[in-house]
Every structure is written in structure tokens, then in C-alpha cells.
*Asks:* 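Input: one structure, supplied below.
Chain letters run A, B, ... following the sequence lines, proteins first, then strands; residues in each count from 1.
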There are 4 protein chains.
Amino acid sequence: MHRGNRHGRSEQARLAVLQAADDLLVENGFARLTIEGIAQRAGVAKQTIYRWWPSKTDILFEAFATDAAEELTPPDTGDTARDLITHLSALARFLTVSHAGAVFRALTAEGQHDPALAARLREEHLTAQRVRDRQLLQRAVQRGELPADADLDTTVDRLVGPLYYRALITGQEITTEFITELVHATLNGA
Amino acid sequence: MHRGNRHGRSEQARLAVLQAADDLLVENGFARLTIEGIAQRAGVAKQTIYRWWPSKTDILFEAFATDAAEELTPPDTGDTARDLITHLSALARFLTVSHAGAVFRALTAEGQHDPALAARLREEHLTAQRVRDRQLLQRAVQRGELPADADLDTTVDRLVGPLYYRALITGQEITTEFITELVHATLNGA
Amino acid sequence: MHRGNRHGRSEQARLAVLQAADDLLVENGFARLTIEGIAQRAGVAKQTIYRWWPSKTDILFEAFATDAAEELTPPDTGDTARDLITHLSALARFLTVSHAGAVFRALTAEGQHDPALAARLREEHLTAQRVRDRQLLQRAVQRGELPADADLDTTVDRLVGPLYYRALITGQEITTEFITELVHATLNGA
Amino acid sequence: MHRGNRHGRSEQARLAVLQAADDLLVENGFARLTIEGIAQRAGVAKQTIYRWWPSKTDILFEAFATDAAEELTPPDTGDTARDLITHLSALARFLTVSHAGAVFRALTAEGQHDPALAARLREEHLTAQRVRDRQLLQRAVQRGELPADADLDTTVDRLVGPLYYRALITGQEITTEFITELVHATLNGA
DNA sequence: CTGTAAGCGAGACGGTACGTCCGGTCTTTCG
DNA sequence: CGAAAGACCGGACGTACCGTCTCGCTTACAG
């Protein structure tokens, strides 16, 4: 049970904390997520949490890091439009229903009040995500489906922006039709 | 000075609270915004705040309500593209540098953890804002610049989504070029 | 209903306040006796109370003043011992079960924390009460049952002190036997 | 058994609280004695006080418990009258000028409004005090100075009652003459 | 017979203290 | 030496009353 010993940090405690934080976030929302609560749920001393994580959000970060990348890696079938639709649908699912997405939304919200967190979120997630998003467009350029001088960053914003907007701001449903129209209009208009 | 009597609340106290809340939000961020702090800054008793506002966010709501509508009312010069660019630029300014926009971002962030707040934000601000956003497109339809059967709601999302995305999520700068490209691409592709 | 006029206060309001204060003291104890509560119970504005009574204890004082004198006026049958026993029994009843006595105990208690109140209690009640207590002994002196040079004040203290002690400090019952012994011992030993 | 930081409550905090409560009571009186004030004076968090003491009076109780017994332990010289006079003088001093006595008066006063406190005061102090008071009389019985069947409880009341009465009720001075007369009259009349 | 001034119920006001809760730190004991 | 336990200080929470202050109504004397 006790792993307090001279052989380093307890992996068991670490995983229990991450799991508890994740569960409690989904169960009660971020507002009710307290370090005390996580410690109790994980069967861990508060000090153990403070020893290894600077803040509540750091725990969530660690809990969320790996999951997101897996869910959001784009497909590559050779059909640009279809791949885009598939990828954006996965993104929509991530933002609205996924477990990891819930953590992302919470962190993004906290980021509005905490510039350091916002910066970290960009560095550790959004930048990598942009790379993944661009891959699809770069392949389209390589295939000649998009002009070689197209501003891919701008195009990415035009594709994913409306999804984030609906998911995080207005709460509107993101239908397949919406995504399909979005993809076709963007491919034509870029 | 005192207006405490049976004929209603003190307008002076009300304004002092709204001003204090607004100032403290911008100065210290939402995380450090406390009722106690607002009361002290406003020179008002805590009970006076609790008497009139159910929660901290209600104060912010009231502080932000009127300002936002004024800042975000679209122009009408007859030139659709120019009006859209002007309007979206105003929106970008609102989201990134405006005082009222700071309150909006804070409320949106809280809305991620508090569905009731999110709903209220939609009802009292976003719905009205969508109406304002659509006006420009409706005029374009009337002028024949857009097809009569265009899905204006979707178009609005495609126009404003990328702005919210950059302002609230990635923190990228929103340049005039970005807006210009966005408007032209959307008008062509809608 | 309203007695507001330019010639004098409302007797109705005054009585309602006294009654409410008395009731609430007995019902809830002094600790829970608040001006707000009295005002509400009496159907009177707080300001009306503050206009006429400087403090909570002043209300109680007024509520208690007349009753006490009536309950504690000594008899005069010519039989000193019997009169003393009767009188001390009335005092015991006053201190332990009487309504007015409850107010007296509350005021005495407050007097421990408030010297001004203690002084007022002495001036307005205890001095007069001592006069009443001494009457019995003075009659005994006149009848030759006590020596002419007896220190009556000291004797009063020896008679009533044990009663106050039991009633206010130890809470022991004050039986007729206790009073009888006390009277006989004092008459013999004085 | 609660043990502080895993094994023990902070004795330092405990003593600081008791000292602060005692000081503030004497300086400002019971009326102005607040938990917040005690916490601040003691350099202790409010929570620490609420953790260990159910109420303000419990702090005073603890502050007063040991002191009283020491001040009021009766002498034993073999001379009953003299010992009684010495003991009652100590009691008078306790009630009127002693630090611990000030706490006793405050607690007694609160006990008028709070039966539970009154009961506790009897159990933890007055009962033990009565035992101490009786000792002197029991020794007199053993020496044959008082009849074997004397009602010592009643006699104690007759001796100490007048002192409590003067100290707590009328505020009259308690002179040596008063005590001397009291003792002699009681020894003769018992 | 009509103003006007005092007393009234009502209740908002700036405050103080309440008792509770959580954050983050520190100390102690165990393995 | 890491982990569990949990007491510690600090400080915000929302509540209850405090004593003060207008407000508009009701009266009853004064002009």
C-alpha cells in the first residue's frame, strides 16, 4: 500500500491522482474540482500532490496530454475532401463529447484567466494540433488540389474556427452537413 | 448620499459596484475577483451586493450588457464587403482589446464550467449578436450579392468562428489581411 | 393604527415593544434577543425603537420596572419571623420562576459586562428593594425583637445573599426549610 | 485521540489562544470579546480555534479552570474562625479583583442565558469549590466546634452567599468587618 | 379647512463578526 | 526519503444584526 520508500516517486500514487482528477472533472465539473477532493478520491496525501504538481491545471494537463494526440491524428486515404470531413468530425467529437475534450475545454477556460496556462496550452497542444491539421492541406497541395502558394495557416483557421466557435461559444450542434459545406466552400474559396 | 429607503435601491451603490467589478476584473483577472474585493473597492457593504446580485457573474453580466451591443452594431454603407470587414474588425477589437470584451471572455470561460451561465450568455448576448451579424448578410441577399437561399447562420459561423478561435483559443493576431481574405473567400464560396 | 402626529409618541407602539421584548426574552433567552426581532414581533419599525430606547437593555428595564416592586413588597402581620419567611419566599419565587425575575436575571448578567447597566440596576431597583427588605427588620427593632444597634444592612445581606446565591449561581432549590433555618439563625445571631 | 500534524495539536497555538482570550477579556470586557479578535491577537487562524473549542466560553473555561482552584484552596491552622475569615477573604478577593474571578463572573453571567454553560460551571467548578468550602466546616465538626448533625451545605450557603451577592449583584465592598461578623454569627447560629 | 410638522412602518445602507470552507505549507511518523 | 495523516495560517464565503438614514403616509394642532 505504502510506496513511501527510497526508490523514488510512486507510480501508483501518480496514476491514482490523474485518474481521480479526470473522474472528478467529468463528474462534478471544474468548479467543484479541488485538490482536497482529488487527494481524498485518490487515497493520497495532499502534500503528495503539491510535491509533484504545481497546480490543479498541471494535473489535468498531464491527464490530457497523450489522449488528445491519439484522437486527433488525421487519416490519409488520398481523398482530400473525405479526409478533411473525417478529421473535422473527429475534432467535433473531441470538442463536444470526448473525455479528453472536456479537459481541453476546462483548460481553455482557465486559460482565459491565466496567460501562463494559455501559453502552455498553445505550446504543448495547439501547436502540435495545428501541425496535424495542416498535414491534410499539405497533402492536398502536393497533389495539386490546392495552389502551392495557399496560406495554409489561414485555411486551417477557416476550417477549425467555426467548429471551436460552435463547440465552446454558442453550443450549437455540429452536424455532418455543416462540416461538409465548410470543407467544400473552403477548398473552393481558398 | 444614502438612498436606502422604501423607494428603491441606491443607483450610486449600483454603479460603484459595476465599476469596481469591471476594474478589478481587468486589473487582476477573474481568478482574483472576489465579492469582498468588489465591496471594498466600491465602498459598499457586502450585503448590498448579495441583496441585488445572486452571484459574481451576475455583476459582470450587468456591467457588460449595454457596452457590448453598442460596440458591435454593424455599419450600413451599402458596400457589403467593406461593411463586413468593418464589422469583423470591430468584433476582433472587442474580443481582444475592449474592456467589455474582457468581461465577455471571462464569462465565456466561466460558462465552460457552468451550463446555466453559458445558457444565459447565449440568451442575453449571443442571440442578439447573431442577429446583428446576420443583418449584413441579409442586406447582401436583398441586394442580390448573395443567393436568396444561402444559409446565413452557417455563413455567420464561417465568418466569426475563425475570429473567436484566434482570439479565445490560439491567441494569434487578427490582422486586416486575415479578415479581408476571410470575407472575400466567404462571399465567393457561400 | 398610525399614531404619527406632532404631539407625542404612540402608546400602542411602546406597549407592543415592551410585550415583544418580554416574550422573546422568555422564549429564546437573552442571547437571541435582537432589536430586529423585537421590531418584527412588535410590528414596529426599528427606527421607532432606536428613537425611544437607547439600547436593548433599556427596553427590558422598562418592561421589568413596575412588576418587580409589586411582587416584592413585604407583608406586615406583626410576626417578624413569619413575615420574613413569607417575604423571602416571595423573593425566591421572583428569582427563580417569575417572569419579571427572568428579566432581572438577564439584566444582572449583562451588568457583569456593562458597568453602566449594573449601576442603573442598583439605582433603580436594588436600592429600592433594600428599603423594602429593611422594613421588616426595622419593625422588629421597633418591637424590641432585635437590638437597636443591629447593623440592618449587613443583616439584609445575610438573609437575601444565600437566596441570590442559590438562584443565580448554584441553581440549588430554595426550600421552605432552608428559608426557615436562615431566618431563625439570623434572628438569633444578629 | 487527535494528534496534530499527525501526532499532536500545537501546544503553542493552544496557549496563545488562552492567553489572548484572557487578555482581551480583561482589556475590553466580555462584550467586545470576539473569536476574530482572539485569533488575530493570538496569531492563529480562526479555524484553529473552531477546531478545538466549540465556543467562546469554552476558551474562557479552559483559561480559568486551574487558576481558580489554586486561589481558593482553604488554609488549615487549627483555628476555625480564623481559617474561615482567611478563606472568605480569599474568596472575596477572587470575586472582585482577581483575574480568574473576572472570567468567573463573565461565565456566570453567560450562564444566565445559557443553561448548558451554567450546568458545566457547576460541574467543573462550583461542586469542587463547595467541597473546598466544606472542608473548613468539617474540620470544625471534628474538633467539636460545630454540632455533628449540622447541615454543612446550608451553612456554606450562609457563609458564601452574602459574598457572591455583594460581589455580583450589589457591588458593595466586602470589608473584613463584614466577613468577621458573618463568620461569628454563623458559627454561633448554625 | 388646510398646511405643516412630528411619529410612524418600511427597508436600504455601510459595517462587524459569525461559523464554514478550501488553498497551500509544514511537521511528524512509518516503511 | 517518499508517502500518509492532518494541524496550521490565511482569507473568501454567505448570513445575521447592528445602528443610521431616507422615504412617503398618517395624524392633529395652528393659522
*Asks:* Under a 4.0 Å N-O cut-off, is there an ion pair linking C:Glu11 with C:Arg14?
*Replies:* yes
*Asks:* Between C1' on F:dA3 and CZ on A:Arg14, what's the gap in Å once rounded to a whole number?
*Replies:* 16 Å
*Asks:* Considering only side-chain heavy atoms of C:Arg9, which listed nucleotide, E:dC8, F:dA3, F:dA7, is closest?
*Replies:* E:dC8
*Asks:* Compute whether any side-chain donor of one residue and acceptor of the other, for A:Asp67 and A:His99, lie under 3.5 angstrom apart.
*Replies:* no
*Asks:* Scan B:Gly37 against the nucleic acid and name what it touches under 4.0 Å (heavy atoms): base, sugar-phosphate only, or nothing.
*Replies:* nothing
*Asks:* Of the options E:dA17, E:dT25, F:dC18, whose atoms approach the side-chain atoms of D:Thr34 most closely?
*Replies:* E:dA17
*Asks:* Are any of the side-chain nitrogens in D:Glu110 or D:Arg105 under 4.0 Å away from the carboxylate oxygens of its partner?
*Replies:* no
*Asks:* Given atom CG of A:Leu33 and atom P of E:dC21, what is their separation to the nearest angstrom?
*Replies:*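 Nearest whole value for this atom pair: 18 Å.
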*Asks:* With respect to the side chain of B:Glu36, which nucleotide from F:dA12, E:dT25, E:dG23 is positioned closest?
*Replies:*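 Ranking F:dA12, E:dT25, E:dG23 by closest atom to the B:Glu36 side chain puts F:dA12 first.
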*Asks:* From CD1 of C:Ile49 over to P of E:dG11, roughly how many Å is that when rounded to an integer?
*Replies:*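 The distance from CD1 of C:Ile49 to P of E:dG11 comes to 15 Å, rounded to the nearest Å.
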*Asks:* Checking A:Lys56 against A:Phe30: charged group under 6.0 Å from the ring centre and within 45 degrees of the axis?
*Replies:* yes
*Asks:* What I'd like to find out is whether the side chain of A:Phe61 reaches to under 4.5 Å of the side chain of A:Leu117, using heavy atoms alone.
*Replies:*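 Result yes, sub-4.5 Å side-chain heavy-atom pair found.
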*Asks:* Expressed as a whole number of angstroms, how long is the span from A:Arg32:CZ to E:dC21:P?
*Replies:*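 The answer, rounded to whole Å, is 14 Å.
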*Asks:* With nearest nucleotides of DNA chain E determined for C:Gly43 and D:Lys46 from heavy-atom distances, which residue corresponds to the more 5′ nucleotide?
*Replies:* C:Gly43
*Asks:* Any donor-acceptor pair under 3.5 Å joining the side chain of D:Gln47 to the base of F:dC9?
*Replies:* no
*Asks:* CD of A:Glu11 versus C1' of F:dG2: gap in Å, rounded?
*Replies:*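 Computing the A:Glu11:CD to F:dG2:C1' distance gives 14 Å.
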*Asks:* Counting only side-chain heavy atoms from C-beta out, which of F:dG10, F:dA3, F:dC8 sits nearest to D:Arg51?
*Replies:* F:dC8
*Asks:* Under 4.0 Å between a side-chain N or O of D:Thr48 and OP1 or OP2 of F:dC9?
*Replies:*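 For F:dC9, OP1 or OP2 has a side-chain N or O of D:Thr48 closer than 4.0 Å.
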*Asks:* Give the rounded distance in Å between these two atoms: CD1 of D:Ile38 and P of E:dC18.
*Replies:* 8 Å
*Asks:* Need to verify one output field. Residue with the more 5' nearest nucleotide on DNA chain E, B:Trp52 or A:Tyr50?
*Replies:* B:Trp52
*Asks:* Measure CH2/C:Trp53 against P/F:dC18 and give the value in whole Å, please.
*Replies:* 15 Å
*Asks:* Among the candidates F:dA4, F:dC8, E:dA12, find the nucleotide nearest to the side-chain atoms of A:Val44.
*Replies:* F:dA4
*Asks:* Output the rounded distance in Å from CD1 (A:Ile35) to P (E:dT25).
*Replies:* 10 Å
